[in-house]
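Since the structure comes first, as C-alpha cells, the remarks are kept for the end.
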2 protein chains.
Amino acid sequence: MAGPEEKHENASPRSLPTISDVARHAGVSPMTVSRVLSGGHHVSAAMQRKVENSVRALGYRRNESARSLRPGHRSGLVGVVVTNLTNPYYAEVLDGIGEILGEENRRVVFGTSHEDFEEEARLVADFVGRQAEGLIVVPSGGSAEHLLPEQRHGVPLVFASRRQEGVDVDAVLVDDVRGAEEVTRLLLDEGHRRIAFMGNALSVFTGQRRYEGFERAHLAKGVPVLPDLVRRGQQDVHAAGLTAHELLALPEPPTAIFSANNRNMIGVIKALYDVGRERGVDMFARVRLAGFDTFDLEELVPGDLSIVTHDARELGRTAAELLLSRLQGKRVDRPSRTIELPSSIRTRRRGEAPLAQA
Amino acid sequence: MAGPEEKHENASPRSLPTISDVARHAGVSPMTVSRVLSGGHHVSAAMQRKVENSVRALGYRRNESARSLRPGHRSGLVGVVVTNLTNPYYAEVLDGIGEILGEENRRVVFGTSHEDFEEEARLVADFVGRQAEGLIVVPSGGSAEHLLPEQRHGVPLVFASRRQEGVDVDAVLVDDVRGAEEVTRLLLDEGHRRIAFMGNALSVFTGQRRYEGFERAHLAKGVPVLPDLVRRGQQDVHAAGLTAHELLALPEPPTAIFSANNRNMIGVIKALYDVGRERGVDMFARVRLAGFDTFDLEELVPGDLSIVTHDARELGRTAAELLLSRLQGKRVDRPSRTIELPSSIRTRRRGEAPLAQA
DNA sequence: CTGTTAGCGCATTCAG
DNA sequence: CTGAATGCGCTAACAG
C-alpha cells in the first residue's frame, strides 16, 4: 500500500509547526510564545513583536487538540446530528445552530444519521471522543441507550425538533399535536371525510405526535380515520411521490392529503402535477392539501393549501441557546426543560394562484 | 460571573473517564486497555473481557484529542466551509461531501462564511488548529491569503463550486461559462433582446464566470448587454425579490431574466407571482425565465423556464474524493487538477404547466 | 518579565 | 502476553 520507503510518508509531508518551532525561530522559550498567544500579558513589547513575527513567518496555528488536553480547558466543539440535511428544514435548523454557536466562537462537528439509529449512535460516540462539550441531536427514534453514557458524564445534550424517551434532557420542539389537530380540523370543517395522512413512522417522535393531532381532530368530529389512507415512512421526495400516486390511484381516492413534513408535501405536489397531466385534469382542484413546514414557492401551488408553519432557524437558535446555558454552567443540575415553539397556520386559496385569473 | 466557590466549577461536573480509570477499574495497566481498544491483538481473552466490561461499565470513549497528539496519528477530521447553508444547493453539496467522508469514517467540522471573507479566514484557521487533515472550501472571493500558510504546511485543500485565484489547488467546478452561454443563446434565439442578468458579484468566481457566458452569447449574436438590466450581489431570496421588482418596474422591463443561481431564481419567481397578482396579469407569460441550479417544484412555474442543471451532490462527492486521494497520499506532490462537472439544460414550456390545460 | 518543570490522555518502544 | 518509561503540544504553577 505505502511507498517503497521504510518509514511510510505521511499524507502531509511537512507537519504543522509547533510552539517550539516558533520559540526557536524567535529565540525565546516556548512559554513566552504561549503567553503572547494568549493575550500577551506580562510580556515585554519587544518579545511580543519578535514572537508575532515568527508566528506569521511560520504560519503557526495553535494546536487545539493539545490545548484541550490540558485540564480545565474547553474544546469549544459542539456535536450536531441531524437526520437529513437534504431537507431544507434541517438545513435551516443547522444554520440557526451555527449562528448562535458561532457568536461564542464555538464550532460544529456535524453528521447526518439518515434516520439510522446505529449511525446516530456512532456519530454521538465519535463526537464525544473528539471532546465535543455538548451535543444537539435530532433523534432518529429507536432508543436512548447510546446517550446514557454521555448523560452520566455530564455532557449536555439538547434534542431538536424531536425528543427521545428514556433520557431526561432539554428539548426544543414544535407543538406538533396542536398544529396537526388544528389543520386537520380545518379540512374536516370544510367537509372532507377522506383525508390521507403521509408522515414519518410511528417510531419517530414527530411521526407519532403529528398523527396524534390528526387523529384527535377526527375523534373530536366523530369522523373515522381511514387506515387505507394512512401512509408512513416515506423518507424522501421520491418515495413520497410514489405513495401519493398510490393514494390517487385508489378506487376511492382521498379528497384531501395531510403531509406531515416538508419532503412528503413536495412529493405530493409533484404527484398531483404528474397525475393531472396524465389524466388531463386539474388534480389540485380535486385534492385539498395541508401539511407541516414551509417550502419555497408555496404560492405557486395552484390549489388550496394550508401549512403549519414554524421558524426552523429559530428552533435551531433556541436549541443552541439551551445548550450554551448548560455549557456556561448556568443551569447545571437544574431540571431539564422542554420548549415548545409556537406554530401558526397559513392558508392559501386556489383563487390566489397566478394563472387562475389569467 | 462564576459561583461563589473558589475553584470555578466546570460546566461538566464529572469529567470523562480516561484510559487509566478503565485500567484501574479492570485491575490492569493502561497499556493493556490501549491494546484492547486498538484491536486486542496480543492480549489474552480473559483480559479482553475484563477490559471490555470496564469500558462498558464506565462508558469510556477514547480521547481523540490525546490520540491525535501522538506522532503519525490522523485526526480523521475534515474542515468544510460553505457560503450559505440555506441555499439547498450547498446543503446538497455538503451532504455529498459527508457521504464520501463518512464511508472512510472521517468527520466534518463545518462552518458557514456567509460570503464574508474574514469569516472564511477565521474558519479555515480554526479548522487547521483543530487538526483538520484537509479542507473543502467554497471560497467567498477576495483573496487566497488565508490559505497560503495551510498550503505551505501541506494541508490538502479542495475548492468546491468556485475557485480562488492566487493558490494552486484541486477544484471541482461546473462548466459555468458554457452553461450560461448556451442558456442565454436559447433566449436570444427565441428573439429576446432585453435579457436581465441577476447573479453574484463579479468578485465571486461564479458571478464572474456565469456573467461571462451570458456576455459571450450576446457578443456572438451581436446583441448588446443592457447595463441597466444587470444586477449583482443579491444574497438571498428576499434581496433577489426586491431586485426583480425593480427590474419589472422599469419603463422598459426585460422580456427575459437569467438568474445565475438558485436563490436569485426563487426570488424572481416570487416577484413575478406578486407583480402578476398586483397588476392582474400573467407575468409568467411576459417574462421568460432561465437560470442555474434546480429547485423544488420547478414544474409548477407557469411559464417557460430553462435551467442549467448539474448534480450538486455529485459535486460534493467529487470534491471529497479529490481530497481523500490527497490525504491517502495517492497524489501528493502531483500537480493540482480542476474537474469541471458537466451540466445540461432542461427547458420546460408553458403549455406543460398544470393549469394551462385545466 | 522570562524560563523551567510537570502533566493532561494516549500509544510506541523497549523490558520483562 | 503484560507493564514501565517516554514524549506528542501545550500551559498552569512555580522559580528566578
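All values below were derived from every heavy atom in this structure, side-chain atoms included, with hydrogens, water molecules and symmetry-related copies excluded. All of these numbers come straight from a predicted model, not from anything done at the bench. So you know, we letter chains A, B, ... as the sequences are listed, proteins then strands, and number each from 1.
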Discussion item. Please give me the minimum heavy-atom distance between A/Leu37 and A/Ile19, naming the atom from each residue.
Written reply: CD1-CD1, 4.3 Å
Worksheet item: Of B/His41 and A/Pro30, whose nearest nucleotide on DNA chain D comes first from the 5' end?
Response: B/His41
Set out, line by line, the N/O atom pairs under 3.5 Å between protein and nucleotides 12-16 of chain C.
none

Response to the item:
Heavy-atom closest pair (A/Ser75 atom, A/Glu133 atom, distance to 0.1 Å) is N-OE2, 3.3 Å
Worksheet, complete the sentence: Rounded to the nearest 0.5 Å, the CD atom of B/Gln131 sits from the NE2 atom of B/His73 at a distance of 11.0 Å
Discussion item. Can you tell me if A/Glu145 has over 12 outside heavy atoms packed within less than 6.0 Å of its CD?
Written reply: no
Item to complete: Whole angstrom is fine here: how far is it from CZ in A/Arg24 over to P in C/dG3?
Response: 14 Å
Worksheet entry | salt bridge (charged side-chain N to carboxylate O under 4.0 Å, His left out) partners for A/Glu120, two or more places apart | none
Practice prompt. Considering just the side-chain nitrogens and oxygens of A/Ser44, establish if one lies under 4.0 Å of OP1 or OP2 belonging to C/dT2.
Written response: yes
Worksheet item: Does A/Thr32 make a side-chain N or O approach to OP1 or OP2 of C/dC1 shorter than 4.0 Å?
Response: no
Worksheet item: Of the candidate nucleotides C/dG9, D/dT2, C/dT2, which contains the atom at the shortest distance from the side chain of A/Val43?
Response: C/dT2
Worksheet item: What orientation do B/Phe117 and B/His146 show, parallel under 30°, tilted 30 to 60°, or perpendicular over 60°?
Response: perpendicular
Practice prompt. Return the residues of residues 57-69 of chain B meeting this criterion: a heavy atom under 4.0 Å from some atom of DNA chain D. Order them by number, or give none.
Written response: B/Leu69
Practice prompt. Would you mind reading off the distance between B/His42 atom NE2 and D/dG3 atom P, rounded to a whole angstrom?
Written response: 16 Å
Item to complete: For B/Arg122, check salt bridge (charged side-chain N to carboxylate O under 4.0 Å, His left out) against everything at least two apart and list the hits.
Response: B/Glu119
Discussion item. With salt bridge (Lys or Arg N to Asp or Glu O under 4.0 Å) as the test, pick out the partner of A/Arg317 among A/Glu99, A/Glu92, A/Glu103.
Written reply: A/Glu99
Worksheet item: Just how far, in rounded Å, is C1' of D/dT11 from CZ of A/Arg74?
Response: 16 Å
Practice prompt. Send over the distance from B/Met47 CE to D/dC1 P, rounded to a whole Å.
Written response: 12 Å
Worksheet item: Tell me, do A/Arg313 and B/Thr86 make a side-chain contact under 4.5 Å, heavy atoms counted?
Response: yes
Item to complete: Output all residues satisfying ring-ring contact (aromatic ring centres under 6.0 Å, His included) with B/Tyr90, sequence neighbours left out; order by chain, then residue number.
Response: none
Discussion item. Nearest whole Å is fine: how far is C/dG9 P from A/Arg130 CZ?
Written reply: 18 Å
Fill in: B/Lys50 NZ - D/dC1 P separation (whole Å)
15 Å
Item to complete: Let me see the working for B/Thr83 and B/Arg162 under side-chain contact (heavy atoms from CB on, under 4.5 Å), right down to the final yes or no.
Response: CA-CA 11 Å; B/Thr83 52; B/Arg162 305 175 181 177; 3.6 Å; yes
Fill in: Bend angle of the helix from C/dC1-D/dG16 to C/dG16-D/dC1, end axes from five pairs each (to 10°)
50°
